[in-house]
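First up is the structure itself, then whatever we jot down about it.
For ligands, and for the atoms within them, numbers begin at 1 and follow the listed sequence.
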Amino acid sequence: MNQAIAKLYQQHLDGLRSYVDRALERCGFERLLIASGNPRMHFLDDQGPAFVSSPHFLHWLPLTQAPGSWIDYRPGTTPRLIFLQPRDYWHLTPQSPQGYWVDAFDIVTVDTVAAAQQIIGTLSDTTAIIGEPGSTSPLTSNNPEQLLNQLHWNRASKSAYEQLLMRAASRIGVAGHRAAASAFQSGASEFEIHLAFLTATRLSEVELPYPNIIGLNEHGAVLHYTGLERQAPTERRSFLIDAGGCYAGYASDITRTYASDPNGPFAELIADMERMQQELCTAVQPGGPYPDLHTKCHRQLGDILTKQQLVNCSGEAAYEQGITRSFFPHGLGHLLGLQVHDIGGHQAGPDGDKVEPPEQHPFLRLTRTLETDMVVTIEPGLYFIDQLLEPLAASPAGNDVNWERVEFFKPFGGIRIEDDVLCTQGAAVNLTREAWDAIAMV
Ligand code: GLY
Ligand code: MN
Ligand code: MN
């Protein structure tokens with residue numbers, strides 16, 4: 001395994017380097033410095049959020065906890081890692097680099113920021129410095145926009161090495177989901193389900209790729225609900241969990257919705273949504289514009305609304321009148337990788353032109369055409385959200401809605417089903433289902 005990953009890593013780095021070489025040349029730079037970043041503090045406080053490394057840094061190596069370190073790269077030379085290992089008895093200092101990737105770097109360990117600065121030496125105006133503004137001491141980042149656009153564009157395509165890490169992130173997330181589902185079945189509160197997820201993933205809360213969304217009953221209708229009620233509700237109707245794993249900085253992003261009554265109407269609605277979601281996952285094919293999938297989803301959702309008697313009109317009429325947008329207000333999905341909503345989803349090309357989402361679908365995070373080796377999420381939803389249903393009721397289209405049926409479903413909150421899908425030349429690879437099946441076999 002170690003040899004296999006070392007080889008994949010080397011291929012990843014070779015590919016990244018040759019892309020970066022071309023990008024630097026195009027943008028007129030001779031040297032690239034990438035900061036891992038520094039911990040931030042809360043306002044007027046000596047406490048702060050957990051350190052999260054820059055994704056630019058993590059694209060080169062899997063060193064997630066090395067604040068104050070730098071990658072220093074000049075095309076044609078071995079990349080250098082300036083690794084900060086302070087002599088600090090207040091905090092855990094980062095462990096010396098080890099593993100399959102270290103031979104690819106010329107590693108210089110320093111114990112102070114000043115020493116790092118000395119190693120970095122003189123900067124010229126052909127040095128690109130990438131890092132979060134205000135978080136790159138001792139240097140000031142310049143984040144050249146043209147170069148960033150090129151690098152962000154490239155991030156969408158995942159090397160075989162990255163795919164391996166994302167498969168690991170999927171398995172971790174799925175382990176958490178399985179534990180969460182059994183916690184729900186045994187009557188746990190949202191908070192207890194959250195703890196079950198953490199225990200199974202062996203991730204601490206700050207290591208999660210995004211805060212767990214764990215909603216019972218009506219809470220499923222709050223898209224990014226993070227309330228974590230300590231008390232279990234007396235009546236348990238439904239459970240929506242959107243939670244992921246993380247491995248070497250790479251995320252999985254997984255959502256499941258469950259009905260307490262496996263034979264009731266809400267379970268039936270979930271089944272319809274899942275059939276549609278699975279069909280959309282298989283439609284992840286190179287050459288297809290992602291917004292087309294989003295539109296296809298809305299049309300099919302219209303049919304589900306008709307079938308489930310939530311509307312009294314045809315699915316097509318529900319779509320045409322915008323009714324589906326009141327039930328499904330977010331985008332079908334997004335790029336996934338080192339960031340949950342991986343950057344570059346609206347880029348038209350590597351040079352910075354953008355394809356904005358359609359006016360009626362402003363929250364669509366991905367407007368690019370699908371390409372081999374992209375990993376995207378497919379996450380259709382159907383929710384009963386008062387803030388969206390009230391204006392619908394007041395509009396002419398509201399006459400086509402079966403409000404009694406809507407009221408019936410409101411106490412169940414909503415449905416979202418989300419898988420992470422790798423686009424290939426052949427059939428789409430559903431990383432989430434693959435991990436789910438693999439864990440089921442153990
Ligand atoms: N977990 C956030 C999302 O699904 O986009
Ligand atoms: Mn997502
Ligand atoms: Mn999600």
Within-shell test, H334 vs ligand 1, heavy atom, strictly < 4.0 Å: yes
Answer yes or no for H330: is there a heavy-atom contact with ligand 1 below 4.0 Å? no
Ring centre gap for H330 and Y383 strictly below 6.0 Å: yes
Can the ring centres of H346 and H334 be said to be less than 6.0 Å apart?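 No - the distance between ring centres of H346 and H334 does not fall below the 6.0 Å cut-off.
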Identify, by atom number and element, the atoms of ligand 1 in contact range of D242, meaning under 4.0 Å from any of its heavy atoms. 1 (N), 2 (C), 3 (C), 4 (O)
Which atom name would you report as the N, O or S atom of E379 nearest the Mn ion (ligand 2)?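 Distance check against the Mn ion (ligand 2) picks out OE2 in E379.
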So which of F363, Y319, F328 actually passes ring-ring contact (aromatic ring centres under 6.0 Å, His included) with H294? F328
Looking at E229 and R236, does any basic side-chain N land under 4.0 Å from a carboxylate oxygen?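 Here E229 does not pair with R236 in a salt bridge, since their nearest N and O are not under 4.0 Å apart.
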Which residue owns the protein heavy atom closest to [atom], what's the atom, and how far is it?
atom                   : answer
atom 4 (O) of ligand 1 : E379 OE1, 2.9 Å
atom 3 (C) of ligand 1 : D253 OD2, 3.3 Å
atom 5 (O) of ligand 1 : H341 NE2, 2.7 Å

Can you find an N/O atom of E418 closer than 3.5 Å to an N/O atom of ligand 1? yes
Atom of E418 closest to the Mn ion (ligand 3), considering N, O or S atoms: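 Looking only at N, O and S atoms of E418, the one nearest the Mn ion (ligand 3) is named OE1.
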Of all N, O or S atoms in D253, identify the one at the shortest distance from the Mn ion (ligand 3).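 Output for this pair reads OD1.
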Under 3.5 Å: donor-acceptor pair, side chain of R237, backbone of P411: yes
Could you label the plane-to-plane angle of the Y258 and F239 rings as parallel, tilted or perpendicular, counting under 30° as parallel and over 60° as perpendicular? parallel
Heteroatom N/O/S of H341 within less than 2.8 Å of the Mn ion (ligand 2): no
Is D242 close enough to the Mn ion (ligand 2) that one of its N, O or S atoms comes in under 2.8 Å? no
Is R368 positioned over the aromatic face of Y290, cation under 6.0 angstrom from the ring centre and no more than 45 degrees off axis?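 No, R368 and Y290 do not form such a contact.
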Restricting to non-hydrogen atoms, name the atom on G173 and the atom on F197 that form the minimum distance, rounded to 0.1 Å. O-CE1, 3.7 Å
